[in-house]
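Just so it is clear: chains get the letters A, B, ... in the order the sequence lines come, proteins before strands, and each one is counted from 1.
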Amino acid sequence: MSQTQTPANASAADRGPTAAERFINGILPENPTYRQMLGMCPTLAITNGMRSAMTMAAAVLFVLVCANAMISLIRGLLKPHLRILVFTLTIAAFVTIVDRLLAAYMYDMSKQLGPYVPLIIVNCIIISRCEVCAAKQSLPIAIADAVGQSLGFALALASIATIREILGAGTWFGLRVLPAAWPAWVIMVLPPGAFITLGLLMGSVNWFLARRQEARG
Amino acid sequence: MRNNYLVEAWLVIVLGVVFGGALAGVQATLADRIAQNKLDETRSQIPALVPGASKEASSEVEVDGVRVFRASSPEGQLGWVIPCGGQGFADRIELLVGVDLRVERITGLYVLEQKETPGLGAKIMDERLFRSQFAGKTAARSLVVTKQGAKTDREIDAITGATISSMAVCSIVNETLARVRDGLLAALPKE
Amino acid sequence: MEYVSSLVLIAVSAAFINNFVLYYSVGICPYLGVSRRVDMAFGMGCAVTFVISIAACLSWALTVFVLRPGAPLATWVWHWLRPDSAGVVDLSILNYLVYIFVIASSVQFVEMYLRKFFPPLYKSFGIYLPLITTNCAILFACLEIMKHVSGVPAAQLWDLGRALALAAFGGVGFTIAIVLMAGMREDLDLCDVPQALRGPGIALIVAGILAMAFMGFTGVDRNLAALLR
């Protein structure tokens with residue numbers, strides 16, 4: 001194995017990104033929504049309020065951390081053509097657990113999120129992280145990666161949900177922030193508002209990154 | 001070849017058994033709590049729908065094939081709470097109607113589920129804007145929706161811009177009360 | 001006749017009023033990824049419709065007969081093992097696991113079928129065929145069917161016809177949405193889109209406008225129901 005043969009001061013690229021690198025990357029540089037464009041379905045569906053968006057982000061954090069941890073622990077046992085099956089089995093089990101926990105302890109939120117919690121199973125973010133990181137690197141790195149990506153996802157959800165909730169209902173987390181005279185842009189809390197908000201935000205992110213690229217020369 | 005596949009699949013089988021056991025454990029731990037949440041959803045509204053009734057003293061019965069609640073206080077039954085539903089403007093609306101003991105007056109209305117237009121039809125959930133006017137209306141004759149301002153105990157003010165949702169709620173209430181009135185009166189506790 | 005009208009209402013609702021992509025926002029990843037050309041989009045839509053229908057039938061059967069509380073097969077096996085036990089046999093905790101395996105198997109089956117009988121079509125799909133497994137729309141259809149089948153009283157249980165109507169026409173709605181999008185993106189390629197918005201940005205905005213257009217279908221099922229009565 002290359003890991004035992006390389007000298008201690010070998011470059012980090014030989015062993016893969018460190019835990020800190022994985023964590024930082026997940027938040028902005030490899031943001032799952034804006035850079036990797038994974039996990040679009042919940043991003044559009046449950047961002048009509050901050051409360052549901054943050055609950056979804058917490059659920060994804062739970063599933064991602066548990067799944068990454070589990071896959072990282074058994075990574076030596078994975079056979080190449082059965083590994084997707086193992087990923088799916090692990091993710092489905094943890095999603096069932098988080099779904100039941102929500103139904104038991106946050107029943108109203110569970111009803112509001114509806115079918116989107118079980119849809120975490122097919123959320124590409126989790127399978128992609130299992131494949132790219134957890135199946136190849138050790139437990140601490142896998143967990144750091146999971147936390148970083150979840151934070152990035154939460155950030156993306158928060159950015160969309162803030163715009164949609166404030167413009168669409170005049171509230172944030174249910175607290176009124178705009179005066180009652182504000183004519184609520186109802187379209188923002190409906191599906192079209194989700195699409196348009198995400199499209200414009202993506203455009204802004206791309207524009208900002210292009211400007212930064214130009215400034216660097 | 002077949003032997004090879006089985007050997008390679010041992011991890012999947014072991015994981016399947018482990019996760020199956022874990023999920024069974026989750027089910028055993030949480031199932032009661034979840035069932036209680038589902039029941040509470042309706043029951044916790046009973047005190048608001050029939051003044052004086054308490055969640056604990058009320059019981060569920062079946063009248064003419066319809067699930068209803070005897071809204072009771074420790075002293076005795078005060079009224080009925082009837083879950084009902086029907087087609088709204090956009091999708092199905094689920095309601096709870098509270099009536100007095102002899103099904104003469106409506107004592108309250110609560111919207112359990114609706115998918116009406118946010119900001120317009122969704123206002124049927126609002127206590128102040130829509131639901132509060134149901135308390136005191138007659139349960140003996142059908143309600144009608146008016147846009148000019150309700151004057152009699154049969155009329156309900158429609159929400160501006162959401163006439164169809166308001167009419168849907170009234171027609172659900174009318175149909176349900178007409179269907180269960182006789183059964184409820186027959187199921188009254190004997191004096 | 002009432003049965004047929006209920007099927008029509010379910011179909012119209014799944015395809016247009018509550019369109020999987022434009023109302024429920026499921027199936028977005030392939031929707032943005034494969035909608036660059038009309039022929040590819042149509043092929044993807046057909047494949048998704050096919051897989052959804054198979055997966056829905058299998059998941060309906062498994063839920064009704066094995067998984068739901070009080071399911072006949074599970075109850076029979078349990079009483080055969082322990083004849084004197086009371087209580088309801090409830091395997092519904094395994095719902096999600098079973099559904100995802102059904103979907104993965106359906107996609108495998110479709111892959112094998114295409115590779116054997118339509119090799120050029122199989123090659124043109126490339127990586128996108130196995131990716132249908134992670135298409136939210138298919139799992140979503142299974143979950144919608146589960147809502148009407150698991151934990152509901154026997155009188156309101158959905159039969160296979162209704163489940164299949166929901167799934168198949170949900171797929172049809174997906175196909176309509178993705179083909180419309182592909183047509184528009186083909187034209188957009190010739191337009192002067194701002195650099196920052198090129199690609200997913202403008203696609204999402206166009207999808208938003210499409211979703212607004214589809215909002216015009218609200219209430220069609222209510223009037224259709226009155227018409228069919």
Write down the atom of A:Gly203, the atom of C:Ala196, and the distance for their closest heavy-atom approach.
-> O-CB, 3.3 Å
Interchain contact, A:Leu201 with chain C, by part (heavy-atom threshold 4.5 Å) = neither
C:Phe169, CZ: over 12 other non-hydrogen atoms inside 6.0 angstrom = no
Is the count of non-hydrogen atoms from other residues, nucleotides or ligands lying under 6.0 Å from A:Arg211 atom CZ greater than 12?
-> no
If you round to the nearest 0.5 Å, how far is OG1 of C:Thr133 from CD1 of A:Ile121?
-> 13.0 Å
C:Val26 vs A:Tyr116, side chain to side chain contact (heavy atoms under 4.5 Å, CB included): CA-CA, chis, key distance, verdict = CA-CA 9 Å; C:Val26 286; A:Tyr116 293 102; 4.2 Å; yes
Which of the residues A:Leu190, A:Thr96, A:Thr43, A:Leu209 is involved in the greatest number of heavy-atom pairs with chain C at under 4.5 angstrom?
-> A:Thr96
How long is the gap from CG on C:Asn135 to SG on A:Cys41, to the nearest 0.5 Å?
-> 7.5 Å
Counting only heavy atoms not in A:Arg75, do more than 12 sit closer than 6.0 Å to its CZ atom?
-> yes
Closest heavy-atom pair and its distance - A:Pro192, C:Met212 | CB-CG, 3.4 Å
Please examine the side chains of A:Phe195 and C:Ile28, heavy atoms only from C-beta on, and report whether any two atoms are closer than 4.5 Å.
-> yes
Which portion of A:Asn123 sits near chain C, non-hydrogen atoms under 4.5 angstrom | neither
If you measure from CE on A:Met40 to SG on C:Cys136, what distance do you get to the nearest 0.5 Å?
-> 11.0 Å
Other residues, nucleotides, ligands: >12 heavy atoms within 6.0 Å of A:Phe173 CZ | yes
Might you confirm whether atom OH of C:Tyr122 has over 12 heavy atoms from other residues, nucleotides or ligands at distances under 6.0 Å?
-> yes
Pull out the residues in residues 94-108 of chain C that come under 4.5 Å of chain A, heavy atom to heavy atom, sorted by number.
-> C:Tyr96, C:Leu97, C:Ile100, C:Phe101
When rounded to the nearest 0.5 angstrom, what distance separates CD1 in A:Ile126 from OG1 in C:Thr134?
-> 12.0 Å
What pair of heavy atoms forms the shortest contact from C:Ile205 to A:Ile196, and how long is it?
-> O-CG1, 4.2 Å
Is the number of heavy atoms from other residues, nucleotides or ligands within 6.0 Å of CG (C:Leu190) greater than 12?
-> yes
Has A:Tyr107 got more than 12 heavy atoms of other residues, nucleotides or ligands less than 6.0 Å from its OH?
-> yes
Contact part of A:Phe208 toward chain C, heavy-atom cut-off under 4.5 Å: side chain, backbone, both or neither?
-> neither
Under 4.5 Å from any heavy atom of chain A - which part of C:Ile202 = neither
So, the part of A:Ile127 with a heavy atom under 4.5 Å from chain C: the answer is side chain
Least distance between heavy atoms, C:Leu22 atom then A:Pro191 atom = O-CB, 3.4 Å
How many angstroms lie between CE in A:Met202 and CG in C:Leu204, if you round to the nearest 0.5 Å?
-> 5.5 Å
Contacting region of C:Met215 [heavy-atom separation from chain A under 4.5 Å] | side chain
A:Ala210, part contacting chain C, at a heavy-atom distance under 4.5 Å | neither
When rounded to the nearest 0.5 angstrom, what distance separates CG in A:Leu119 from CG in C:Leu143?
-> 5.5 Å
Indicate the atoms forming the closest heavy-atom contact of A:Met37 with C:Pro200, along with that distance.
-> SD-CG, 3.3 Å
